[in-house]
Undergrad: 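For reference, the structure I am asking about is given below.
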Amino acid sequence: MTSTAIRQRLITYLSDAEDNKIRAIYTLLEKEIEGEQSFSLTEEHLEILDRERELHLSGQTKSYSKEDSFDIIKGIKSL
């Protein structure tokens, strides 16, 4: 069964399920659901971002617009 089919079956089931079953399912998934909503960077990641920002602000590295970035990813433009 594909992920799409599983999602559809779950959505159908959850829309009609009894409240106690909804609460039980939520309890099983609560930590994962809450984990997806919180995001934090480690000190190492923050240091990398600070270092890269300083290089950018001082003109030592090149930056790209969103459009240029997409074109580079698609192979339309090169670095």
Side-chain angles (χ1 to χ4, degrees):
M1 184 180 297
T2 67
S3 294
T4 303
I6 293 169
R7 280 187 184 94
Q8 189 57 48
R9 289 192 72 186
L10 284 170
I11 290 167
T12 302
Y13 176 79
L14 292 173
S15 66
D16 297 327
E18 298 171 11
D19 289 346
N20 62 336
K21 291 180 181 176
I22 296 293
R23 285 189 188 90
I25 292 168
Y26 181 79
T27 300
L28 288 172
L29 299 173
E30 184 174 13
K31 287 183 183 175
E32 186 170 333
I33 292 168
E34 295 299 322
E36 289 178 4
Q37 294 176 357
S38 64
F39 175 78
S40 61
L41 295 171
T42 65
E43 279 299 316
E44 181 182 0
H45 289 128
L46 290 171
E47 289 172 11
I48 292 168
L49 287 173
D50 286 340
R51 196 167 45 246
E52 293 296 324
R53 180 179 183 273
E54 289 302 318
L55 289 171
H56 171 73
L57 293 175
S58 67
Q60 295 179 39
T61 59
K62 187 175 179 181
S63 62
Y64 300 92
S65 69
K66 181 175 73 171
E67 292 78 16
D68 286 341
S69 298
F70 288 146
D71 289 345
I72 291 167
I73 292 168
K74 292 175 186 175
I76 297 169
K77 286 186 176 180
S78 60
L79 293 174

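Values below: all heavy atoms of this structure, side chains included; hydrogens, waters and symmetry mates excluded. Residues take their numbers from the sequence shown, with the count starting at 1.
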Undergrad: Using side-chain heavy atoms (C-beta onward) and a distance below 4.5 Å, is E43 in contact with L46?
TA: yes

Undergrad: Could you state the interatomic distance from CG (D50) to CG (L55), rounded to the nearest 0.5 Å?
TA: 11.0 Å

Undergrad: Quick check for you: to the nearest 0.5 Å, what is the distance between K77 atom NZ and E67 atom CD?
TA: 9.0 Å

Undergrad: Looking at CG of N20 and CZ of R23, how far apart are the two atoms once the value is rounded to the nearest 0.5 Å?
TA: 7.5 Å

Undergrad: Look at atom CZ of F70 and say whether more than 12 heavy atoms of other residues, nucleotides or ligands are closer to it than 6.0 Å.
TA: no

Undergrad: Let me check something: do Y13 and Y26 share a hydrophobic cluster, defined by ILVMFWY side-chain heavy atoms less than 4.5 Å apart, either directly or through other members?
TA: yes

Undergrad: Under a 3.5 Å threshold, yes or no: a donor from one side chain and an acceptor from the other, between E44 and T42?
TA: no

Undergrad: Step by step, would you call L49 with E52 a side-chain contact (heavy atoms from CB on, under 4.5 Å)?
TA: CA-CA 5 Å; L49 287 173; E52 293 296 324; 5.7 Å; no

Undergrad: Could you give the distance from CD (E47) to NE2 (H45), rounded to the nearest 0.5 Å?
TA: 10.5 Å

Undergrad: Output the distance between atom CD (E54) and atom OG1 (T61), rounded to the nearest 0.5 Å.
TA: 10.5 Å

Undergrad: Let me check something: do L29 and L14 share a hydrophobic cluster, defined by ILVMFWY side-chain heavy atoms less than 4.5 Å apart, either directly or through other members?
TA: yes

Undergrad: Out of curiosity, S65 OG to D71 CG, how far, rounded to the nearest 0.5 Å?
TA: 7.5 Å

Undergrad: Please check if L10 and M1 belong to a single hydrophobic cluster, counting links between Ile, Leu, Val, Met, Phe, Trp and Tyr side chain heavy atoms closer than 4.5 Å.
TA: yes

Undergrad: Should we say atom CD of Q60 is surrounded by more than 12 heavy atoms from elsewhere, each under 6.0 Å from it?
TA: yes

